[in-house]
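This report concerns only the one structure given below.
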There are 2 protein chains.
Amino acid sequence: MAKISDVAALAGVSASAVSRVLSGDPSLRVSASTRERVIAAAKELAYVPNHAARSLRTSRSRTIALVVPDVNSAVFAELASGAEDEAASRGLAIVLARAERLTDGSDWLRRMLGEARIDGVILQLPDGPSTIDLESMAVGGTRIVVINSLDSGQFSTVVLDDAAGIRTAVEHLRAAGHTEIGLVGGHQDSATGRRREASFLAVIREAGLPVRNQWITDFGYSGAEGRAAMEVIAANGAIPTALVVANLNAALGVLATASTLGLRVPTDISIVALHDVWYADATWPPITTVRMPLSQLGATAVARLMDGDPTSITHDTVSSPEPVLVVRQSTDLPRQSRK
Amino acid sequence: MAKISDVAALAGVSASAVSRVLSGDPSLRVSASTRERVIAAAKELAYVPNHAARSLRTSRSRTIALVVPDVNSAVFAELASGAEDEAASRGLAIVLARAERLTDGSDWLRRMLGEARIDGVILQLPDGPSTIDLESMAVGGTRIVVINSLDSGQFSTVVLDDAAGIRTAVEHLRAAGHTEIGLVGGHQDSATGRRREASFLAVIREAGLPVRNQWITDFGYSGAEGRAAMEVIAANGAIPTALVVANLNAALGVLATASTLGLRVPTDISIVALHDVWYADATWPPITTVRMPLSQLGATAVARLMDGDPTSITHDTVSSPEPVLVVRQSTDLPRQSRK
DNA sequence: CTGAAAGCGCTTACAG
DNA sequence: CTGAAAGCGCTTACAG
């Protein structure tokens with residue numbers, strides 16, 4: 001590959017001048033013709049600055065890590081797309097890693113940071129009790145943005161507007177006439193889980209609807225945990241006429257177990273889930289969801305990571321575009337209003 | 001962060017010695033006590049070599065790009081996991097990119113390569129007519145491994161054993177008594193599409209079963225294309241008693257459209273799809289699949305990219321572990337043998 | 001066997 | 001306003 005001295009030689013100027021012209025140094029006053037010669041020479045040689053050299057010189061890698069608990073998750077693909085687009089438009093590369101690289105005994109992130117290979121980390125904490133030593137990550141002033149999990153604390157955070165999502169789901173059910181509404185929620189030792197449950201309780205109370213503890217579970221967001229939640233709720237006799245499921249993965253488990261238990265959806269129980277995915281049309285019944293702005297979450301996280309003062313802590317909520325209800329066939333009128 | 005000269009000073013040796021001890025240079029004969037002092041000093045200072053400096057010196061970035069057409073795809077998550085594990089065990093980082101970064105007008109990959117930011121590329125071509133200028137990617141001896149698409153040509157390739165997968169699917173159907181079997185296949189201008197169709201025809205003919213052109217479609221692997229395929233097959237009057245769907249995404253579309261058209265699965269038609277996903281239990285009916293070794297595909301691609309002579313072209317098929325049939329509820333006896 | 005020195009390709013204070 | 005020079009932190013041929 002051509003290097004900067006090749007461009008300088010072809011243009012008949014110094015390497016310094018080439019660097020400054022190409023980087024758009026505003027303090028540079030060079031004649032228009034010189035500038036053009038430099039640009040033409042760079043183009044002719046298809047010059048691209050060597051990343052390692054620039055990185056060594058500037059101490060910036062222009063690379064960030066995206067660390068997620070589960071590449072399989074319903075939310076990952078859209079999140080990653082949003083982050084990737086924003087990163088690409090800024091000339092950043094995104095390195096992919098699963099959260100297990102962060103658990104005790106793995107020095108993956110420590111190495112990546114120590115090697116100065118990444119400038120920052122976008123981190124989605126796993127649901128449930130954390131096995132990640134967050135403190136030890138805050139080494140050497142590393143920029144960290146925690147997404148879709150924490151919403152306060154010593155790290156910058158970006159979260160979805162969970163309250164708006166939950167409200168959209170509940171209001172859809174209320175509009176259909178439901179008054180007995182349960183929640184299949186996330187772990188209460190994770191911030192999203194607490195946030196979504198608190199939002200749910202607030203909306204239900206505000207509407208003057210009954211809150212029944214046996215209609216509320218907090219097993220978590222996986223399909224298996226959704227199954228467990230449905231089993232527990234069904235075992236309690238008086239089951240609600242509708243469920244809000246705080247995550248689509250769990251909702252698939254809820255659907256499967258409802259079917260196994262002979263509960264017809266939506267005839268016996270209506271189900272609405274947070275997060276829309278492309279295959280929601282192929283579940284049975286096709287599941288009604290609330291589409292959350294995951295792509296924007298990813299993009300915002302990249303922006304927060306790179307913009308502004310690295311030492312300032314910000315806590316953002318992505319509230320635009322608003323959650324959108326996607327009505328499919330898992331929600332209907334409540335049982336008692338049928339005949 | 002500590003640098004090599006800090007370690008050298010603490011250990012009382014030269015930077016050269018530190019570099020050689022830490023990199024395990026075999027030609028180095030240093031006293032055991034010196035070696036220990038160096039290692040102890042590096043540990044004490046938590047020394048990690050600066051990646052940019054090493055990269056600049058060695059002209060190796062120890063980073064590879066994983067370029068896939070669709071992060072949303074049913075196959076991506078497992079593929080990425082396998083690649084990531086293999087990469088992490090080799091101290092490589094994986095940069096994520098969607099194939100649209102490669103289409104005309106985008107110079108993303110050219111930049112990444114030109115900047116010497118990546119050592120190689122694992123590339124899954126999009127299904128359908130290629131909009132990617134493969135030739136122009138072969139710049140500066142870049143290592144490229146094309147996966148799950150091409151199986152010959154000027155680039156090294158790694159593919160799944162599509163023939164074994166298709167055979168597993170067909171034999172499951174034959175064992176249930178099906179003789180009228182169709183294929184919902186991929187585009188015939190993509191290599192996987194051709195490979196899977198050819199395998200299907202070979203197995204069907206070998207079994208002495210009839211081949212009917214109207215039972216075979218080649219719309220592609222997306223959910224929407226699966227819908228179109230089911231519509232076309234259903235419109236043809238004599239529909240087969242079973243379908244092999246060459247990709248799970250398409251199978252979800254097939255299921256949805258079968259339901260819309262009033263075709264009961266598996267009572268009226270059995271469906272078996274290539275690729276298993278975690279949410280297959282939540283489709284309706286839960287879909288019978290053939291699990292392909294996608295994780296191994298990813299790992300093998302990383303190995304092929306990094307090992308051996310960069311200029312040699314290899315064409316590999318991942319045939320271990322073998323495709324595994326996962327029987328769920330979308331397959332049953334054929335219609336006529338029911339009563 | 002070990003260390004001093006060169007050099008990878010940039011950017012940027014500094015001198016002219 | 002422009003260029004020469006230093007230096008980012010490594011690795012490795014070379015000299016001793």
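Here is how names work: the chains are called A, B, and so on, in the same order as the sequence lines, proteins then strands, and each is numbered from 1.
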| field | Nearest-neighbour nucleotide for the Val13(A) side chain, dT11(D), dG3(D), dG3(C) considered | value | dG3(D)

| query | Quick one: Lys3(A) NZ to dG7(C) P, roughly how many Å, whole number? | reply | 11 Å

| task | Give the rounded distance in Å between these two atoms: OH of Tyr47(B) and P of dT11(D). | result | 6 Å

| field | Protein-nucleotide distance (Arg57(A), atom CZ; dT11(C), atom C1'), rounded to Å | value | 4 Å

| task | Check the distance between dG7(D)'s P and Asn50(B)'s CG and give it to me in whole angstrom. | result | 17 Å

| query | Between atom CZ in Arg62(A) and atom P in dT11(C), what is the gap in whole Å? | reply | 12 Å

| Given DNA chain C, 5'-ward residue of the pair Leu56(B) and Ser16(A), judged by closest heavy atom | Leu56(B)

| message | Is it true that Thr63(B) and Arg117(A) share a donor-acceptor pair across their side chains at a distance under 3.5 Å? | response | yes

| task | For dA13(D), give its Watson-Crick or G-U wobble partner with both distances under 3.5 Å, or none. | result | none

| message | Under a plain distance cut-off of 3.5 Å, with no hydrogens placed, do His315(B) and Thr157(B) share a side-chain donor-acceptor pair? | response | yes

| message | Looking at Arg143(A) and Asp119(A), is there a salt bridge between them, counting it only when a charged N and a carboxylate O are closer than 4.0 Å? | response | no

| For Arg60(B) and dG9(D), what is the distance between atoms CZ and P respectively, to the nearest whole Å? | 23 Å

| said: Without decimals, in angstroms, what is the distance between Arg54(A) CZ and dC10(D) P? | reply: 21 Å

| field | Ile4(B) CD1 - dA4(C) C1' separation (whole Å) | value | 14 Å

| message | Pick the closest DNA chain C nucleotide for Thr58(B) and for Gly12(B) by heavy atoms, then say which residue is nearer the 5' end. | response | Gly12(B)

| 4.5 Å side-chain heavy-atom contact, Ile4(B) and Ser19(B) | yes

| Side-chain-base donor-acceptor pair under 3.5 Å for Ser14(B) and dA4(C) | no

| message | Looking at Asp161(B) and Arg195(B), is there a salt bridge between them, counting it only when a charged N and a carboxylate O are closer than 4.0 Å? | response | no

| task | May I ask which nucleotide in the shown strands pairs with dA4(C), Watson-Crick or G-U wobble, both distances under 3.5 Å? | result | none

